[in-house]
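These numbers come from the heavy atoms of this one structure, side chains and all, not from hydrogens, waters or symmetry mates.
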Amino acid sequence: MRKYMTKYERYLQDVLNDPKAYDISAIRTEIPVQIAIMQHERLIHLLVTMLFALLFMISLGILLYLQSLAMLLLTILLLALLIPYIMHYYFLENTVQKMYLLYNRIAALDDNTAYPNTDMSEK
């Protein structure tokens, strides 16, 4: 999904760099569909990340209570899986938010209207 989202973001940047080469109205109707797909992916990863965080916390609690080698290994394994999940979710969240800004900028080109939140440099 990372590659897909990065490629689509580059495509929208190309549209903004040369809007006359594209059908802005068609792209404007396509973007919400793409954003919905990305939001769904983000939601699924949020749920998976929360599940792994919960499992990690439970295993940490059991580790502190039992102090066994098996629980230590399980806790380390869950932490090793949780960290990449958090990093990937961070990427998904930020990319979806960039898509909102890109959509507003492309909509502004289509309508010749000033939309709020179209400055990509603001965070």
side-chain contact (heavy atoms from CB on, under 4.5 Å) partners of Leu72, counting only residues at least two apart: Leu63, Leu69, Ile76
Would you indicate whether the side-chain heavy atoms of Ile44 and Glu41 approach each other to under 4.5 Å? no
Met50 with Leu60, same ILVMFWY side-chain cluster at under 4.5 Å: no
To the closest 0.5 Å, what do you measure between NE2 (His40) and CG (Leu92)? 12.5 Å
Interatomic distance, CD1@Ile31 vs CD@Gln34, rounded to 0.5 Å, equals 9.0 Å
Report yes or no: do Ile83 and Phe91 belong to one cluster of Ile/Leu/Val/Met/Phe/Trp/Tyr joined by side chain heavy-atom distances under 4.5 Å? no
Candidate pair Met99 and Leu12, rule side-chain contact (heavy atoms from CB on, under 4.5 Å), full reasoning: CA-CA 9 Å; Met99 291 300 154; Leu12 294 181; 3.7 Å; yes
Who pairs with Pro84 by side-chain contact (heavy atoms from CB on, under 4.5 Å), at least two apart in sequence or on another chain? none
Name all residues meeting the side-chain contact (heavy atoms from CB on, under 4.5 Å) criterion together with Tyr11; count only those two or more places apart in sequence or in a different chain, and write none if there are none. Tyr8, Val15, Tyr22, Ile27, Glu30
Can you name the nearest heavy-atom pair linking Leu16 to Pro19, along with the distance? O-CD, 3.6 Å
Would you say Tyr90 and Met87 are hydrophobically clustered, going by side-chain heavy atoms of ILVMFWY under 4.5 Å? no
Report whether Phe52 and Tyr89 are members of the same hydrophobic cluster (ILVMFWY, side-chain heavy atoms less than 4.5 Å apart, transitive linking). no
Measuring from atom CG of Leu77 to atom CG of Leu73, what distance do you get when rounded to the nearest 0.5 angstrom? 8.5 Å
Mind running side-chain contact (heavy atoms from CB on, under 4.5 Å) on Leu109 and Arg28 for me, showing each step along the way? CA-CA 10 Å; Leu109 289 175; Arg28 185 178 178 188; over 6 Å; no
Do Leu54 and Ile58 have side-chain heavy atoms sitting under 4.5 Å apart? yes
Donor-acceptor pair, distance only, cut-off 3.5 Å: does the side chain of Ser59 make one with the backbone of Phe56? yes
Interatomic distance, Leu82 atom CG to Met57 atom CE [nearest 0.5 angstrom]: 10.0 Å
Got a second to check how far Arg42's CZ is from Ile37's CD1, nearest 0.5 Å? 14.0 Å
Same apolar cluster (I L V M F W Y, side chains within < 4.5 Å links), Leu51/Leu43: no
Inter-residue atom distance Glu93.CD - Gln97.CD, 0.5 Å rounding: 4.5 Å
